[in-house]
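Positions are given from 1 along the sequence.
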Amino acid sequence: MRSDVFREFEKLPARALMMATGIKREDIDKPLIGIISSYTDLVPGHADMFQLERFIERGVAAAGGTPFIVRVPAICDGIAMGHEGMRFSLPLRELIADSVEDVVNAHQLDGIVLLTACDKITPGMLMGAARVNISAIVVTAGPMLAGRKGRERLDLVTHTFEAIGKYKTGEISLEELLEYEQTACPSSGACQGMFTANTMACLSEALGISLPYCGTSPAPLAEKKRIAESSGEKIVELVRKDIKARDILTPTAFKNAIMVDLALGGSTNTVLHLPAIAYEAEIPFDIKVFDDLSKNTPKICNMRPGGEYLMEDLHYAGGIPGVLKRLETMIEDNPTVSGTPIKTIATRGRILDEDVIRPVENPYKKEGGIAILYGNIAPEGAVVKQGAVSEKMKVFKGTAKVYNCEEDAMKAVMAGEIKPGNVIVIKYEGPKGGPGMREMLAVTAAVMGMGLGESVALITDGRFSGGTHGPCIGHISPEADEGGVIGIIKDGDKIYLNIPERKLELLVDEEEIRKRLTDFTPLKKEVKSKLLRKFAKLASSASKGAIQEV
C-alpha cells in the first residue's frame, strides 16, 4: 500500500503527527482512506452530506480501514446562474481535481471515497481520481424530492427559471410565482430533473465507479445512507485487491456511459466533462463519438427538462441498472467497483415502469439525446440536446440578433425585443472569452417561459445548464475569443440549423466571411479575477472539454 511509507522507522515524526489527530498506533497499519467530501451549507445538493460522511466512516472502519474526512469547496450553479458568479463554476472543476491530487499525494492515501453531488464537483472528483489512479469510489448524494402544489409536481427549472418568463407574459400571477420560491425545492439534493448534477451521478454509476442505484437514490432516503456505508466497506476491499480508478475507467466504460447518457437524454455538459475525465485517465477522446453513438442509441427516457419524469420516477422504475438492462445487447462488459461486471448488473436489472424506461423498440426518440453539429460557424463542433428540441425546430432558418454577453441577451428577451424567426447569438462566453464558459439557463428558460421555444433558436460559444431545453446550441468551437466565425456574425445575418443533418451554417458568402475574419479583432474584456485569468490562459477549446492544457 502507498501508506507503507509511514511504517518505515524514519517516518516516526509523521506517525506522531498522525496520532495527534486522535487515532491509535494500530490504525496507521490499516488502509488509510480519504473521504473527500464537498459538504457545505451553501449548496442544497450538499447540505446534508455530513450524514453520509458518518455512514461512509462506519463502512470504512467496519471493513478494517482508517477513515479521514477531507473537505473541498462546492458551488450551486443554480445560485450562481445569471450573474458574474457563473464564471467561477467551471474553474471549480479544475480546483477540485487539483485538490484531490494534492491531498492524496501529500498524505499518501491508499484509497478515496469521493462524496459529491453537484454539477462541476462530480467531474472534478472523477478527474482527480483518474489523475492519481488509486482505489476510488464515488458516492453521489442524490436528487432532491419533487416539490408539490396539490397534485402538480414541481422542479427547479420549470417552476422558477421558466416561471419568470410565464409571469412576464401574464400566464401566472406574482403570487403564484412567489409561491414556487418556497415549494419548488423541498429537500436537500441535486435538482430534480436530468440536469447536469444528476446526469453526472447516473454516468458515475454507468462508468462503474459508483455502486448500483447510487446515481438515482433520492438524497433524503435511508437507502442513500446504506449505499454510503457499503461504499465505505467496498473501498477497503478495493485497496486490498489493488483495484485502481483506471482499472474501472477504461475506454469501454466511457463508451457505455455515453450510451446511457444518450438513452437518458442527459445534460450537454457531459460533452465537456467526459472528455476531461478521459484526458486525466490518458484515454484518447473525440466528441464525435457522442454523435456516432447517438445515431444508434435510442432515447428511452423522457426526463425533465423537456420531458415528463423526475429522478425519483427513474429510481423507482429501476434506476441505472434498469436502463442498462434495456441497453444490454449494446453495451460491452467492464469491471465495476461493486465487483460485479457491468453486463451482469444489466442482466440483473429490473424495470418496474415500462413508460419511464421504455424498450429500445419503442423509444421516445429513435436517436440519442445529444447531437454534435458542424459547419462554418462550428468547424470543431457544437452541441445540442436534440432529444429536447421539438420536431418543428430541428430544421430552422432565422435572423441573427447578436449580443456580446449573456446579460445583454437577457435584457433583450425580457424587453420583448426577440421575435419569432430570430436566432439569438451570444458570443464571448467561451472558456477563454468568458472567461469561465457560463451557462445560459436564465436566457433559455426565459425564452421557453415566454412561449418562444417553437420560433426562436439560440447559439453561443458558452454552454447550457442541464436544465435547458429547446433549440439551444452551445460549445461553438472555435469560440469568438480565438477568432471563431461566431465572432463575426452581425445583426440581420441568416443562420441555418439542421439537426438531422448535423449542420450549423452562417448563410453569408464565403468571400465576405473571409473578409470579416481578416478584419476581425476579438473583444478583450478586463478580467480582475486572478483565478479567471489563470483559467483563461490554460483552458482548451470546448471541443476538447475545456481542459487545462499544461
Side-chain angles (χ1 to χ4, degrees), residues 38-53 55 74-82 115-119 121-122 139-167 172-202 213-228 267 301-317 319 353 356 441-442 445 448-449 465-469:
S38 46
Y39 163 64
T40 173
D41 289 336
L42 278 171
V43 181
H46 300 234
D48 288 339
M49 274 185 180
F50 67 91
Q51 297 183 55
L52 298 180
E53 292 174 354
F55 280 87
I75 288 173
C76 176
D77 279 17
I79 296 172
M81 194 76 65
L115 179 55
T116 173
C118 288
D119 297 21
I121 297 93
T122 301
V139 178
T140 46
M144 80 172 47
L145 299 177
R148 293 299 293 258
K149 180 182 178 184
R151 291 188 175 184
E152 183 183 14
R153 297 193 305 160
L154 313 180
D155 71 86
L156 173 75
V157 172
T158 308
H159 298 95
T160 62
F161 283 99
E162 292 181 12
I164 293 170
K166 291 178 180 179
Y167 167 69
I172 62 173
S173 68
L174 179 59
E175 183 180 4
E176 289 176 290
L177 180 66
L178 294 179
E179 185 179 352
Y180 289 145
E181 187 177 284
Q182 297 189 51
T183 55
C185 300
S187 76
S188 67
C191 302
Q192 305 99 323
M194 192 56 69
F195 313 144
T196 303
N198 288 320
T199 303
M200 287 307 305
C202 292
Y213 302 101
C214 183
T216 57
S217 179
L221 298 192
E223 176 188 31
K224 181 62 73 175
K225 297 180 178 69
R226 290 190 285 271
I227 290 171
S267 166
C301 298
N302 191 34
M303 307 292 293
R304 299 188 195 181
E308 177 183 357
Y309 295 112
L310 298 170
M311 287 300 297
E312 58 195 59
D313 302 316
L314 178 61
H315 183 65
Y316 294 125
D353 190 317
V356 176
L441 178 58
M448 297 301 292
S465 163
T468 293
H469 61 112

Checklist entry - Tell me, which pairs form a side chain to side chain donor-acceptor pair (under 3.5 Å) where one or both residues lie in residues 213-222, sequence neighbours left out? => result T216-H315, S217-E223
Checklist entry - Do T140 and T116 get their side chains close enough for a donor-acceptor pair, meaning under 3.5 Å? => result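 Result is no, nothing qualifies.
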Checklist entry - Taking atom types as modelled, is there a side-chain donor on T40 or H46 under 3.5 Å from an acceptor on the other? => result no
Sub-4.5 Å side-chain heavy-atom contact between [X] and [Y]:
X    : Y    : value
E179 : K149 : yes
V157 : E162 : yes
K224 : P218 : no
Y309 : M194 : no
P44  : C76  : yes
R153 : L310 : yes

Got a second to check how far [X]'s [atom1] is from [Y]'s [atom2], nearest 0.5 Å?
X    : Y    : atom1 : atom2 : value
L154 : T160 : CG    : OG1   : 10.0 Å
S465 : D77  : OG    : CG    : 7.0 Å
L52  : L115 : CG    : CG    : 5.5 Å
M303 : D313 : CE    : CG    : 6.5 Å
S188 : L145 : OG    : CG    : 8.0 Å
L314 : Q192 : CG    : CD    : 14.0 Å

Considering non-hydrogen atoms only, spot the tightest contact between [X] and [Y] and give its length.
X    : Y    : value
F161 : A442 : CD2-CA, 4.2 Å
G45  : A117 : O-CB, 3.4 Å
C118 : A197 : CA-CB, 3.7 Å
M144 : P186 : SD-CD, 4.3 Å
I121 : S38  : CG2-OG, 3.6 Å

By side chain to side chain donor-acceptor pair (under 3.5 Å), which residues pair with [X], not counting sequence neighbours?
X    : answer
E53  : S37, R71
T196 : S267, N269
S173 : E176
N302 : none

Side chain to side chain contact (heavy atoms under 4.5 Å, CB included) partners of [X], counting only residues at least two apart:
X    : answer
P305 : F195, K385, H469
L178 : L174, E181
N198 : P143, A190, M311
Q51  : D48, K225

Item to check | Those residues that, when tested against Y39, pass ring-ring contact (aromatic ring centres under 6.0 Å, His included) (two or more places apart) | outcome: F50
Item to check | Those residues that, when tested against Y180, pass ring-ring contact (aromatic ring centres under 6.0 Å, His included) (two or more places apart) | outcome: H159
Next on the checklist: Please enumerate all residues that pass salt bridge (Lys or Arg N to Asp or Glu O under 4.0 Å) together with E308, with sequence neighbours excluded.
Outcome noted: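 Listed in chain order: nothing, the list is empty.
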